[in-house]
Participant: 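Take a look at this one; I'll ask things after.
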Amino acid sequence: MEPLASVSSLASGGTRAVGWQAQLRVDFVVNKVTQTHRGQTEDQVKQALQDQLRVFGVVPNAKQMAIYAAAISSLPQLPPNTKR
């Protein structure tokens, strides 16, 4: 599955905004949780986001996590992977 957020702009040199590494980690976790927890309850999604962000050393923003959780939980679940 293709990632949801493009990070190609971060590969080039130049000046980067403060906190770009934390945002990269947030993007990674949101993409990962979107693939694994879509269609689940908002509380389950929010907990998964918070748990995985803390693993990467990011302190979750409660308001933003609620927005992400609502969006991810409203997505339909993916069919089971049938590749062999």
Side-chain angles (χ1 to χ4, degrees):
M1 173 177 244
E2 293 293 319
L4 299 177
S6 174
V7 293
S8 61
S9 63
L10 296 176
S12 62
T15 307
R16 294 190 174 120
V18 175
W20 70 273
Q21 290 179 331
Q23 185 60 51
L24 193 64
R25 292 174 184 147
V26 170
D27 291 346
F28 175 79
V29 168
V30 169
N31 286 334
K32 185 175 177 182
V33 171
T34 298
Q35 294 173 21
T36 59
H37 288 76
R38 58 193 300 158
Q40 296 184 14
T41 68
E42 286 186 37
D43 288 336
Q44 290 173 317
V45 174
K46 193 182 307 181
Q47 189 63 49
L49 287 167
Q50 291 173 350
D51 291 347
Q52 292 185 36
L53 284 170
R54 290 184 190 281
V55 168
F56 287 102
V58 177
V59 178
N61 175 307
K63 185 176 181 179
Q64 193 63 45
M65 291 304 103
I67 293 169
Y68 286 140
I72 295 169
S73 68
S74 69
L75 296 170
Q77 289 185 339
L78 293 173
N81 190 355
T82 58
K83 292 181 182 179
R84 292 185 181 176

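Every heavy atom of this structure was used, including side-chain atoms; hydrogens, water molecules and symmetry mates were not.
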Participant: Could you work out, with side-chain hydrogen bond (donor to acceptor under 3.5 Å, both in side chains) as the rule, every residue matching E42, not counting sequence neighbours?
Facilitator: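 Partners of E42 under the side-chain hydrogen bond (donor to acceptor under 3.5 Å, both in side chains) test: none.
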
Participant: side-chain hydrogen bond (donor to acceptor under 3.5 Å, both in side chains): which pairs involve residues 55-64, sequence neighbours left out?
Facilitator: none

Participant: Do the non-hydrogen side-chain atoms of Q77 and Q40 ever get within less than 4.5 Å of each other?
Facilitator: yes

Participant: Can you name the nearest heavy-atom pair linking H37 to V45, along with the distance?
Facilitator: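 Distance-wise, the nearest heavy atoms are O-CG2, 3.5 Å.
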
Participant: Hey, does Y68 have a side-chain heavy atom less than 4.5 Å from the side chain of V26?
Facilitator: yes

Participant: Tell me the closest heavy-atom pair linking Q35 and L78, and the distance in Å.
Facilitator: O-CD1, 3.7 Å

Participant: Which residues pass the ring pair (Phe, Tyr, Trp, His ring centres under 6.0 Å) test with F28, sequence neighbours left out?
Facilitator: F56

Participant: Is there any side-chain hydrogen bond (donor to acceptor under 3.5 Å, both in side chains) pair reaching into residues 44-59, and which pairs are they, with sequence neighbours excluded?
Facilitator: T41-Q44, Q47-D51

Participant: Verify, without hydrogens or angle tests, whether R38 (side chain) and I72 (backbone) share a donor-acceptor contact under 3.5 angstrom.
Facilitator: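 Answer holds: no.
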
Participant: Please identify which of these residues, D27, N31, V33, meets the side chain to side chain contact (heavy atoms under 4.5 Å, CB included) condition with V29.
Facilitator: V33

